[in-house]
Every structure is written in structure tokens, then in C-alpha cells.
> 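Quick one: structure below, then a few questions.
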Amino acid sequence: MHTSSTTAQETLLEGLTERQREAVRHTDGPLLVLAGPGSGKTTVVTRRIAHLIASGVAPYRILALTFTNKAAAEMRDRIARLLPPDLPGVRGLTVATFHSFCARLLRRYAPLIGLAENYSIYDTGDQREAIKQALKIAGLDSKNWTPASVGSAISNAKNQLLDAKAFAAQANEFYTRSVAKVYTQYEKILRQHDAVDFDDLLLMMAKLIRDHEGVRTELQERFRYLMIDEYQDTNHAQFIIAHSLAAAHRNICVVGDPDQSIYGWRGADIRNIMEFEEHYSEASIVPLGQNFRSTGHIVKTADTLIRKNRQRKHKDLHTELEDGERPTVITCRDEHHEAQLIIEEFRKLREEKDIPWKEMAVLYRVNALSRVMEEAFRNAQIPYVIARGTAFYDRKEIKDALAYLRIITNPNDEVALKRIINTPTRGIGKTTLDRIEIYAIQNQLGLFDAMRQVDQISDLTARAVKAVQNFVSMIESWRAMEARAASSGEAMPTDDAPPHDEMLIPDRREDVADAEGEAFGGRTPFADLVERVVRDSGMEKLYRSAKVEEERERLDNLNELISAAAEFRPAGDAPGGEDPDREGDDRAGSILAAFLESVALVSDSDAIDPANGAVTLMTLHAAKGLEFDAVALAGLEEGLLPHSRSLENPSDIEEERRLCFVGITRARRHLLISHAQMRTQRGFMERTISSAFLDELPADAVNTLDLAGDPYGFSDFGATGGDVEDDRGGWGRTSGGFGSARKKNFPPRSDGGGGARKRDADDPFIDDVPAVEYGSWTPKSPSASTSRPSGGGGGVAGQFPVGCTVRHPKFGIGRVEGLTPRPAGTSARVNFRGLGVKTLILQYAKLERIE
DNA sequence: CTGGTCATTTTTTTT
DNA sequence: AAATGACCAG
């Protein structure tokens, strides 16, 4: 036993430098690891944890905190690989993000602080809604007070651990006093909704530890060894949480690099890492300056740049690798040219150096730059992925579905409720909602409770009452279903029988056939619930019958959500328990709650999947912690990098410089830095000024190349009209974007890039051309997309089948392209000559069928 | 009540 | 350019 762990310990030191070993071997007491880029930080951290375990520390006594789920997952994974697979108790190890750690503990200790266990987590969008409401109540004009600016003021306050009361107490200027008013209202709203925002997770956790000695000692008892990654990015609240946890045993190991602190705007306090030694005078400090990642010229470029920062502790950055290729700075004409040149370069690297696409990345300061890049990569037929992890969960249909799910667990989540109360439309319009709200206020009820008693509300049409009642009982039937699932062993796969239930909509399995497909066999009651929601809510029907392809794709996304639900397993390492061997399955809430929590806390960087063979496009922020053989750093222009918002404050400029430093140090061997002379911003093409950072790069380590006059930028889009070899791009002529013409003109995309097509404004053949002159719909091409068996259209619809020609008193002659039955009456999409498509309600529109 | 059109605005970065 | 908010025909 002892021998085996001794050898295990030795194995863990293999292949490390003396410095690295020092960090790995360290066990007790405070430790600061200053880890420069590419210095083997993750290796050191994971081995250190494995080493602790090998030295006899029980895994459940260790807590490692990161910033992103991806970092946590990777750490967990790498630690697991360092340990014998059968080691007992490994599952007790807690590796989590700050936010998810806090979220779970808050759930556990919710009653102590008067929080509902089933609380919702408000994302930025939800937060915005709540703040809007707060602004209204506080009586502030939303003209001068944008939800965003107030929101960030509130966020700053929360990061400083100032709650509304504390903030108000120290607010003496007009501005802060106003913010204080909104803040107070906002908090009230959150509490009424049983909701917390991201900052609350930290704030409330910090307060919980501070104010409740029992909790504090319990957690200190359990987590004897604390590890914090990316420590330079911690804010004050996180600082307090970490140090309260460590106060008793002082076994705190923090790892970070002040030069990579890029989250100051989010409240990260670089002093946390700079002053670590002042907080822990007995701390050991291990600087890791040797870079194992990048070749010499790249390291020198990065080092030279970062030395320009004044507020900085000097750190020696060096490499023993060969000098390698020099980074190249190129000047381009405009953003299109820039994208072209990057693509040329990547192609060359692939062909000549055999570098795979997945080892290449394009980095930029702002997401807005991704559009042009994306388009260029698509046209060039190079596989690419955009690191937008939230993108999936940002989709309207997904947000809607999640709002439905939220309302199941938390009836007081009114932001969710309002979002979906009439989506898809079910006849609960604004007037109805207003009346319900008034009733709710008069009777001191929550919105949902008010809806439960709609029949008590005067002035509502019978129709509206009925609609509301249906809505309420739909939600309640889901709730019943969820409760049943929760009580009957939820991890069990279901037998195929759908839970029998008071169904509002007959459960037609055939409808679902294609929703199942791949998820076959792995179905869980929870996935069934999600599916039910998608179906009962009417979303399925809505999108299935949509006429636009883009809309119909939303159904695929919803199916993806169902699959995600089927695969979802709550994180096992719920912290806080007393039982060492417990497998951590002690979450307070249901699977549903855990799912919603995990979904609320995903980040962009979580989505980066190294497995796929594609070039990665992402922001500099998202790139932190990653590395690639080849990196292109785009948009090195004043106003962009450094960003215009940072120009006033010298310390903000330093953060921009660090951002640039982070970008440079992502590259292993090839680095291309670009700027364009002209760039389209806010719809206008403007002249740019090259970034001051470019002048700070070492002249002897980089190549500079002015390609603005370069001829081979021809490849642009302007390739007007006639470019014969490009027969796939020709939007225009044949298609004209009407009728059956679908947007399939682009080469197939690897990833759901889908939309964002661009009109070629220069093409004389499209736009403003009356659709009728283009014969595409004269022949009876059974335009696959629009033909629908007009189901349930009812009376009038039969007279105007899809494809027939009609006359409208005002719009003239047109052709019916689609019919959509709605409660309000069937609507028809009619393409009128010279006017384009209009949507008309058949029963009102005075249509006349001709021919 | 719905959905289109028109007018107005834009904090970049993210848990 | 794109996304939200306000307004009116059907």
C-alpha cells in the first residue's frame, strides 16, 4: 500500500522540470503558482491533485474550482487518467466551476437564507427583462437608463458584495442613488420570482459562508484542500468564498497568470493574485516561466509586447524550442481581403506543412468579425466551427422550450412565464395579460396563481378565460408528470409506454416517430417530459408546418434538446455531504432542476470540440487556455484591439494588451497577425488606424507585409454577375429568392451555420425585379416547401388551395403559396405581382379566385 | 389578437 | 447590418 503509493507519487513527477515538481510535490499550506502561457499549468495542477490523493488525501476532501465547464471537465478527465481506475472514492472529488459549485450549495442550503430550493437562474436576457420591470417600478425613464448600463452597475455592486441595502447606504450621487432605487426593485422582483442572477450565485454563497457559522465549518471541515484555477480572473466575491473556505486549514493552491487577466470588466480583480503573498505570508511561490508550447520568435513577440505594461510584476518568459518561423503582420485592404488572405495562408499551411484544419484558429476581439470570416470560410469550402457555445441555447425555440421547463419547477418564474404565455400563440394576448396582471396585483398574487383563478377576473372574454385555463392545466399536467417521474426512480429507462395522463392533446405516437430516431432505447422519463412539453405547447406543430425552411429547422433543434435531455446525467459531485463514500447523488432538486442549472451555466468556450476536423473561429476571450499550431489574429486596429471602450483608461489598455498577449501565445508555430485599412462598421465602410500594439512588436522577430495592393484579392464577392467558373454562387438570375427558390445555393455547410445569406447588392439581376416575370412558379413545380395538405383549414381554405391564382381588391393578382390554419382563421401567404409575398387572413381578405 | 411594416438604436468581451 | 420597439391592416 505504502510502496505502491510511493511509486505512484514518483510516476507523477516524471518528465517535469524541477520547478514543476516543486509545485506538484507541495501539499500543505498556501501555494501560488505563477504559470505563464504554455508552461504546463494543467499538467502541474492535475498531477498535483493526483499526487495529493496518492499521498493519502481522501478525494472528497479536495475541491478544485475553475471558470468554465470545459476546464472542469478536462481537469476531471486528466486527473482520472492519472489515477488507478478502481481507486475507491474518486467520485467524491469535487471539480466544478465557481458558479455551478455555488448553485448546488445554494440549492442545498436554500432554506437557511430564505431562498426557494427550486430557484431559477436568470441569464442576461432574463435579467434584462427583470431590470426593465424594475426601471418601470422605480419610475425611471428607460431612455437615459438602459437596462444594460444599470445592469452592469448592479453587477459591479454584487461583485463587491454590496446588496441593495448596502449599496443604497453608500450611494450619494444622483446616479448611484438612482441605480440604488432600481437595484432595490430588481432584488425584490428576483425574490418574488424565486430567481437569482449569475452574480447572486456568488454573492449569496459568500454571504452564506460569512453569516452561517455552521455552514462555514461544515464546508471547511469537508474541503481541506482547495485549488483554484485561473486565479487572476477571480472577483471579490470569489475571493471571499475561496478564502473563507481556506481560512481554517490554509491549504489553498491558486494558479494563474496576471498577464492573462482579461476579465477586469467582469469584476475580476487582478490584485487577488498580485497580493496573494500579503494574504498568506507563509505562501510558497512557484513561478513557471518556461514555455513549452511556442517557438522562439512567437515567445519573443509575446514577451516584448507584454513588457509594455506598466502595472506588472516582471516575469521571465522564455522557451528552449527553436526560433521557428517569424510571426507575420499583414496589411489588408478590407475585412473581405483579410479573410481571403487568412484563408490562403491556412490552405498553404495545410498543403505544405500538413497541418490539419483543427490545428488552426482565427481569433478576433469582437464577435462581429466572425460574420465575414464565416462567410469566407464557407465560400472557400473549408470546414470551420464558431465557438459559440451558447448559440444553441440562445435560439428562440430553445429558450422558449426552456422557459416552459422552468415554469414547471418554478411557478413564480414570471420572466419565463411571460415569455411563453402566448408562444406559440394561443389567444392570450396583451389585453388579457394586462388584466390578469392587474388582478394579480390587486389580490397580491403571483401571475400564475392569478391565472389559476381566471374565472374570477372580470372583463375577460369567455374565449380568453378558456385559453388561460387550458394553458394552466397544461402546465399542471406537466408538473404532475414531473413529480411522478421524480418519485419513481428517475434514472431508470422507461418502458415504452408513455405515462398515461390526462392528456390535452391526443398522444399520437406517429407524430413523434422522427423525433425519436437516434435516441432510441435511451429514453428517460425526463426526456419524455421534455418531448411532451415540445408537443403539448404547440411548438412542434408550429414548426412542423412552417412554410419557411429555416423555421422548420427549429424542430430539429428541439429534437436535439430532447436528445440532450435523454443523455443528461446530473453531475455526481454534489458538494457538501458528510458521507465520504457517497457517490455524490444528493442533489436537492430533481433532474429537471439540475438540467436547467447546467444549461444556465454553459459558456461559449464550453462548446469547443477538439475532435472535429475544422478550423476554429472565436473571440480572444474564448481562446484562453487553448493552443493551436497556427493562429490568425484578425483586426489589429485601433478601436478594435485595443477596443474603443478601453481607450480612456490606461489600465483598460493594459488589459487589451494582455488580450493581445493571450492571442499571440495561443500559437505553437505559425502566427499571422492582420489588420485592414478599411472596415465596414455599423453598415459603413470606414478607414481604420492600425493598432498601436503592432508598433510594440519586436521588429527583429516579426515579418511585416503590406498586401493591400495585392492583386489576388480578386477573389472577392464583387465577382459580379458573369464570373463563369463560379456557377454555384449565382443567386440571382434563376432563383430570385422567391417561391420555390430555396436558399440552398451555397455549398453544403458542415455545421448548422445555416442562415446569414447575403444579397449581392451589385447584382443587377436581383432585387426590385417583380417576381412575376420569373417563371419559376408558372409551371406547377410542386414547390416542396409550401405544399401542405391544408389540414384543418376549414371552410374558406378549401376555396383557395395552394397554387391557385387569386385577385385582391388592393394588391391585384397573386398566387397562393401557403396556408396556415390558426385559431384566428386560416392565413394565406400570397405572392402578388410586383409586390411580393403578403400574408392575409382568408376570412377577412376579400380574395377572389380566378381561373 | 396577429403579424407585418416602419422607425429607432447599438457596451465588445461572459459566468 | 441587425435587432428591438412601436404602429396598423386584416
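Lettering follows sequence order; numbering is per chain, from 1.
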> Please compare Lys430(A) and Ala368(A) by the position of their nearest nucleotide in DNA chain B and report the one closer to 5'.
Lys430(A)
> Between Asp197(A) and Tyr186(A), is the side chain to side chain donor-acceptor pair (under 3.5 Å) condition met? List the steps.
CA-CA 11 Å; Asp197(A) 61 23; Tyr186(A) 173 64; 2.8 Å; yes
> Compute whether any side-chain donor of one residue and acceptor of the other, for Asp257(A) and Tyr231(A), lie under 3.5 angstrom apart.
no
> With heavy atoms under 4.0 Å as the rule, sort Phe67(A) into base, sugar-phosphate or nothing.
sugar-phosphate
> With a 3.5 Å cut-off and just heavy-atom distances, do the side chain of His643(A) and the base of dT12(B) make a donor-acceptor pair?
yes
> Does the side chain of Tyr122(A) come under 3.5 Å of the side chain of Asp200(A) through a donor N or O and an acceptor N or O?
no
> Does a donor on one side chain and an acceptor on the other come within less than 3.5 Å for Ser155(A) and Asp199(A)?
yes
> Quick one about Glu637(A) and Ser691(A) (side-chain donor to acceptor, distance below 3.5 Å, no hydrogens or angles considered), yes or no?
no
> Check the distance between dA3(C)'s C1' and Arg371(A)'s CZ and give it to me in whole angstrom.
10 Å
> Stacking here means centres under 5.5 Å and planes under 30°; does Trp265(A) stack on dT13(B)?
yes
> Are side-chain N/O atoms of Asp652(A) and Ser646(A) paired as donor and acceptor at under 3.5 Å?
no
> Whether Arg107(A) engages the ring of Tyr119(A) as a cation-pi pair (distance to the six-membered ring centre under 6.0 angstrom, angle to the ring normal within 45°) should be assessed.
yes
> What are the atom names and distances for every N/O pair under 3.5 Å that joins the protein to nucleotides 5-8 of chain C?
{"from": "dG5(C)", "atom 1": "OP1", "to": "Lys132(A)", "atom 2": "NZ", "distance (Å)": "2.6"}

> I want to confirm an ordering. Mapping Gln127(A) and Ala464(A) to their closest nucleotides on DNA chain B, which one lands closer to the 5' end?
Ala464(A)
> Tell me which residues in residues 651-662 of chain A put a heavy atom below 4.0 Å from DNA chain B, sorted by number, or none.
none
> Anything under 30° is parallel, anything over 60° is perpendicular, the rest tilted; go ahead and classify His99(A) against Phe198(A).
perpendicular
> Would you measure the distance from the P atom in dT13(B) across to the matching atom in dT4(C) and give it in whole Å?
15 Å
> Distance check needed: dT14(B) P versus His621(A) NE2, whole Å only.
7 Å
> Can a side chain N or O of Asn422(A) be found less than 4.0 Å away from OP1 or OP2 on dC1(B)?
no
> dT12(B) P sits how many Å from Lys624(A) NZ, rounded?
21 Å
> Could you state the OH-P distance from Tyr263(A) to dT13(B), rounded to the nearest angstrom?
11 Å
> How long is the line joining NE2 of His336(A) and C1' of dA1(C), in whole Å?
12 Å
> Measure the distance from CG on Asn649(A) to C1' on dT11(B) and round it to the nearest whole Å.
15 Å
> Out of dC1(B), dT13(B), dT14(B), which has the shortest distance to the side chain of Thr432(A)?
dC1(B)
> So, does Thr425(A) get its side chain near the phosphate of dC1(B), meaning an N or O under 4.0 Å from OP1 or OP2?
no
> On the side chain of Ser152(A), is there an atom forming a donor-acceptor pair with the base of dT11(B) - under 3.5 Å, no angle test?
yes
> Can you check whether Asp459(A)'s main-chain N or O pairs, donor with acceptor, with Arg435(A)'s side chain at less than 3.5 Å?
yes
> Counting heavy atoms from C-beta on, name the nucleotide in dC1(B), dT11(B), dT13(B) closest to the side chain of Ala148(A).
dT11(B)
> Does a side-chain N or O from Thr680(A) land closer than 4.0 Å to OP1 or OP2 of dA1(C), or not?
no
> Once the angle between the rings of His236(A) and Phe239(A) is folded into 0 to 90°, is it parallel (under 30°), tilted (30 to 60°) or perpendicular (over 60°)?
parallel
> So what does Ser100(A) touch, heavy atoms closer than 4.0 Å: a base, only the sugar-phosphate, or nothing?
nothing
> Taking atom CD of Glu655(A) and atom NE2 of His643(A), what is their separation to the nearest 0.5 Å?
12.5 Å
> dT14(B) C1' sits how many Å from Phe98(A) CZ, rounded?
16 Å
> Using atom NZ of Lys396(A) as one end and atom C1' of dA3(C) as the other, report the distance to the nearest whole Å.
15 Å
